[in-house]
Amino acid sequence: MIEKDIKIYLHAIDNNLVCPKKQKKTILEDIEASIRDYIENENITDISQLYSHFGSAEEIAKTYLADFVTPADIKRAVNKKKALIIGVIVALIIWLLGVCIAVYDAHDDGPDITVYGPAIEAPEGVDVHDENYEVTI
């Protein structure tokens with residue numbers, strides 16, 4: 001059971017680390033090694049013992065960020081995330097616009113044809129404006 005709790009704990013720490021992926025991986029590996037050493041040496045069986053020794057996920061993330069990550073690294077990571085989100089949104093808008101155009105084109109009935117005068121020739125002596133006149137084709 002403790003194994004599942006450790007994974008949840010590490011995931012929470014991961015969510016609180018705002019830094020480049022490479023540094024995040026290094027930090028998480030270091031934290032996991034520390035946790036595993038502590039569990040093995042102290043015979044820990046409950047996650048609450050880890051929290052009391054190491055602190056909350058937020059506290060651990062702040063400590064490691066202060067020690068290993070510069071503000072420029074954090075800014076770069078945040079900017080990359082923003083650029084990715086903006087790129088996805090723009091791609092979705094373009095895709096949605098394409099779908100709308102395709103639906104509009106599919107809905108189009110074709111070209112409008114305007115006929116001036118009778119479309120067919122009427123036999124001689126027949127008034128095409130007569131209400132009783134029928135055309136069979």
Go through the structure and list residues passing side-chain hydrogen bond (donor to acceptor under 3.5 Å, both in side chains) with Arg76, not counting sequence neighbours. Asp73
SB check Glu32 Lys7 (cutoff 4.0 Å): no
To the nearest 0.5 Å, what is the distance between CD1 (Ile60) and CG (Leu17)? 9.5 Å
Could you pull out all residues at least two apart from Asn16 that satisfy side chain to side chain contact (heavy atoms under 4.5 Å, CB included)? Ala57, Glu58, Ala61
What about Ile93 and Ile85, same hydrophobic cluster or not, with Ile/Leu/Val/Met/Phe/Trp/Tyr joined at side-chain heavy-atom distances under 4.5 Å? yes
If you take all heavy atoms of Leu10 and Leu28, which pair is closest and at what distance? O-CD2, 3.9 Å
Any side-chain heavy-atom pair of Ile6 and Arg36 under 4.5 Å: yes
Between the CG atom in Leu97 and the CD1 atom in Ile94, the distance rounded to the nearest 0.5 Å is 8.0 Å
Taking Trp95 as the starting point, is it possible to reach Ile86 by hopping between hydrophobic residues whose side chains are less than 4.5 Å apart? no
In Å, rounded to the nearest 0.5 Å, how long is the span from OG of Ser56 to CG of Leu50? 13.0 Å
Rounded at 0.5 Å granularity, tell me how far CD1 in Ile13 sits from CD1 in Ile31. 4.5 Å
By the ring pair (Phe, Tyr, Trp, His ring centres under 6.0 Å) test, which pairs, at least two apart or in different chains, include something from residues 24-52? Tyr9-Tyr51, Tyr38-His53, Tyr38-Phe54
